[in-house]
Engineer: 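The structure under discussion is supplied below as structure tokens; questions concerning it will follow.
Being a predicted model, the structure only gives us computed values, none of them experimental.
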Amino acid sequence: MSKFEWTNWGGNQTFTAEKFFRPASEEEAIAVIREAVSQGRSVRVAGGGHSFTPVVRTDGLLLDLGALSGVIAIDKVNQRAQVAAGSTIAALGEPLWSAGLSIENQGDIDVQSIAGAIATGTKGSGTAFGSLSSRVTSLRIVNGLGEVVDIDGDTADYLRAGQVALGLLGPVVRVGLQLVPAYRLKEENIILPMSEVLRQWDYLLGAYRHFSFWWMPTAHSAQMYKLGEVPADHCFVKLLQEAPADEADIPQGGVNRRTDRAYRIYPDGTTDAEFHELEYMVDAADAREAVERMQYLMRTGFPEEISPLQVRWQKADSGYLSPQSGRDSTSISVSGAIGRNYLPFLRAVDRALRPLSARPHWGKLHFLDRPRVSELYPDYSRFMQIRRQMDPRDLFLNPHFAALFA
């Protein structure tokens, strides 16, 4: 173990950890965490580095669990799997498919570690589907006393705390997932005027498994996400329908018209860091108002900002710190171009959505303080009780999280 300088994918978070270690097995990971805990050293896990917030920062031990990868066990009867925490989402698709199973829903990027994705509340889109965290059935965590704690449905309150825990209960070394029978997806991405999206809003929500869209405030907005040519005040609309797994198991179609195994269709996000993103979740009942607020803000207050406005939907869940906790949600996201002072724009977005009790994606830029966190999450106090039981010496906090959860 030695000092190590770490930088995230977006290039906006850099720090030097006192110790860096990449364990080769779950047993080795547990041993090194226990050693750090016995020495009173802070511990954080690097994950895939796709968070724009300082979730990874530590001046103690930084762990890379990337070698802890793959499916550990599959229960076909109950459609569940135990997977190593360092597995990328992408690495799980093929082995689960071979067992006749799939992850129920995914986002448009699949290079994150599964533990990091659930820790921050990562999700896809669809009114019938929750976040990745909502499908977590069990967790193996090393707590702040060096104990290996297995959490599952028999300890439901700990599971709800652990489903979106930001690493604050301790490093996760194993994840249990509820899965579904393997399925394929048919993609139909189209460009529509915003007026037409508003007219068909309810129809598209009901007719498709996955409906989401990017609204373009300018003719250059689509360039930020490499979405092709999309005129101003038009939308790039992403539509997905489920197809049976027993159809011909070969990729079909081309760009924006593909049909393939689900895990191959979901990822379409850029692999180049060209922006820093903010994403807030509002009650789905407030979705139209949130979009109207954002359009007014972007047109009148920040016409120089080219960021598309991305809109997606998720089903309510019960994770204590989940952005979707207790309410069906609509996510609203914008990005700031790297090299520009985008903070005034993002702060204005925060102010515009705050009256709608907007909650952030924990891995993306936000402006929450402790009073606001305690107000936004009804189970904040219960999470805090469990956090202190699991980490009585605050070894898993860093300055960012200490301001919110100390």
Side-chain angles (χ1 to χ4, degrees), residues 1 17-23 25-48 51 54-68 72 82-87 112-121 132-133 136-152 154-177 319-322 362-363 379-380 382-402 404-406:
M1 290 191 287
E18 179 186 4
K19 303 284 186 181
F20 174 81
F21 192 67
R22 181 182 170 93
S25 65
E26 181 178 300
E27 293 74 20
E28 190 173 23
I30 292 169
V32 74
I33 296 165
R34 282 176 164 166
E35 180 184 9
V37 166
S38 70
Q39 297 170 352
R41 180 176 287 129
S42 65
V43 183
R44 298 295 297 171
V45 179
S51 291
V55 295
V56 174
R57 188 180 187 91
T58 179
D59 58 4
L61 171 63
L62 179 65
L63 280 178
D64 178 352
L65 298 182
L68 277 62
I72 298 169
Q82 292 281 321
V83 303
S87 309
Q112 311 100 318
S113 71
I114 186 65
I118 66 171
T120 54
L132 284 169
S133 304
V136 171
T137 59
S138 64
L139 296 164
R140 178 167 291 176
I141 299 175
V142 186
N143 70 13
L145 300 173
E147 301 166 338
V148 177
V149 181
D150 285 310
I151 295 170
D152 57 25
D154 293 332
T155 51
D157 55 343
Y158 280 76
L159 184 60
R160 292 190 187 107
Q163 284 175 320
V164 182
L166 308 169
L168 300 181
L169 308 186
V172 173
V173 295
R174 185 179 296 197
V175 177
L177 294 173
Y320 290 158
L321 293 186
S322 170
W362 289 106
D379 297 301
Y380 175 81
R382 182 55 181 146
F383 177 83
M384 289 293 290
Q385 291 173 351
I386 292 173
R387 189 200 74 74
R388 288 172 178 140
Q389 291 169 11
M390 293 286 282
D391 184 23
R393 292 185 290 165
D394 294 341
L395 298 180
F396 307 131
L397 291 177
N398 60 22
H400 174 67
F401 288 130
L404 304 176
F405 299 103

Engineer: How long is the span from the CG atom in L63 to the CD atom in E28, to the nearest 0.5 Å?
Structural biologist: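 It is 10.0 Å, given to the nearest 0.5 Å.
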Engineer: Work out which heavy atom in A165 is nearest to a heavy atom in A161; give both atom names and the distance.
Structural biologist: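 Smallest interatomic distance, heavy atoms only, reads CB-O, 3.4 Å.
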Engineer: Closer than 3.5 angstrom, by distance alone: can the side chain of N398 be matched with the main-chain N or O of P54 as a donor-acceptor pair?
Structural biologist: yes
Engineer: Check S133 against G121 and note the closest heavy-atom contact, atom names and distance.
Structural biologist: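 Shortest heavy-atom separation between S133 and G121 comes out as OG-CA, 3.8 Å.
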Engineer: Indicate yes or no: at least one non-hydrogen side-chain atom of Y158 is less than 4.5 angstrom from one of V149.
Structural biologist: no
Engineer: Please check this pair: side chain of W362 against backbone of V164, looking for a donor-acceptor N/O pair closer than 3.5 Å.
Structural biologist: no
Engineer: Looking at every heavy atom in both S138 and D152, which two are closest together, and how far apart are they?
Structural biologist: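 Looking at all heavy atoms of both residues, the shortest contact is CB-CB, 3.9 Å.
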Engineer: Taking R393 for its side chain and V37 for its backbone only, find out whether a donor-acceptor pair lies under 3.5 Å.
Structural biologist: yes
Engineer: Is it true that D59 and R44 have a side-chain N and a carboxylate O under 4.0 angstrom from each other?
Structural biologist: no
Engineer: Given the side-chain rings of F396 and F401, with only the six-membered ring counted for Trp, is the space between their centroids under 6.0 Å?
Structural biologist: no
Engineer: Quick check on side chain to side chain contact (heavy atoms under 4.5 Å, CB included): which of V136, T137, I141 does I151 satisfy it with?
Structural biologist: I141
Engineer: Please determine whether side-chain contact (heavy atoms from CB on, under 4.5 Å) holds for the pair L168 and L397, giving the CA-CA distance in whole Å, both sets of side-chain angles, and the decisive distance to 0.1 Å.
Structural biologist: CA-CA 6 Å; L168 300 181; L397 291 177; 3.9 Å; yes
Engineer: Salt bridge or not between R160 and D379? Use side-chain N to carboxylate O under 4.0 Å.
Structural biologist: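 D379 and R160: not salt-bridged.
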Engineer: Side chains of F405 and D391: closer than 4.5 Å at any heavy-atom pair?
Structural biologist: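 In short, these two side chains do not touch, never coming nearer than 4.5 Å.
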Engineer: Atom CZ in F383, atom CE in M390: separation rounded to 0.5 Å?
Structural biologist: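 Between atom CZ of F383 and atom CE of M390 there are 10.0 Å.
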Engineer: So how far is it from F21 CZ to I33 CD1, rounded to the nearest 0.5 Å?
Structural biologist: 10.5 Å
Engineer: Closest approach of R387 and D394, non-hydrogen atoms and distance?
Structural biologist: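 Heavy atoms of R387 and D394 come nearest at NH2-OD1, 3.0 Å.
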Engineer: Do L61 and E18 have side chains that get closer than 4.5 Å, going by heavy atoms?
Structural biologist: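 No; the side chains remain at least 4.5 Å from each other.
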Engineer: Hydrogens and angles aside, do S322 and Q163 bring a side-chain donor and acceptor to less than 3.5 Å of each other?
Structural biologist: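 Side-chain D/A pair, S322 to Q163: absent.
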Engineer: Any chance you could measure D150, atom CG, to R174, atom CZ, to the nearest 0.5 Å?
Structural biologist: 7.5 Å
Engineer: Rounded at 0.5 Å granularity, tell me how far NZ in K19 sits from CD in Q39.
Structural biologist: 8.0 Å
Engineer: Mind listing the closest non-hydrogen atom pair of V43 and P171 along with its distance?
Structural biologist: CG1-CG, 3.9 Å
Engineer: Within the structure provided, determine whether I72 and V83 are in side-chain contact (heavy-atom separation under 4.5 Å).
Structural biologist: no
Engineer: Between P23 and L65, which heavy-atom pair has the shortest distance, and what is it?
Structural biologist: CG-CD2, 3.6 Å
Engineer: For G146, is there any backbone N or O sitting under 3.5 Å from a side-chain donor or acceptor partner on R34?
Structural biologist: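 At least one qualifying donor-acceptor pair exists.
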Engineer: I need the L321 CG to T120 OG1 distance, nearest 0.5 Å.
Structural biologist: 11.5 Å
Engineer: Any side-chain to backbone donor/acceptor pair from R57 onto H400? Under 3.5 Å, distance only.
Structural biologist: no
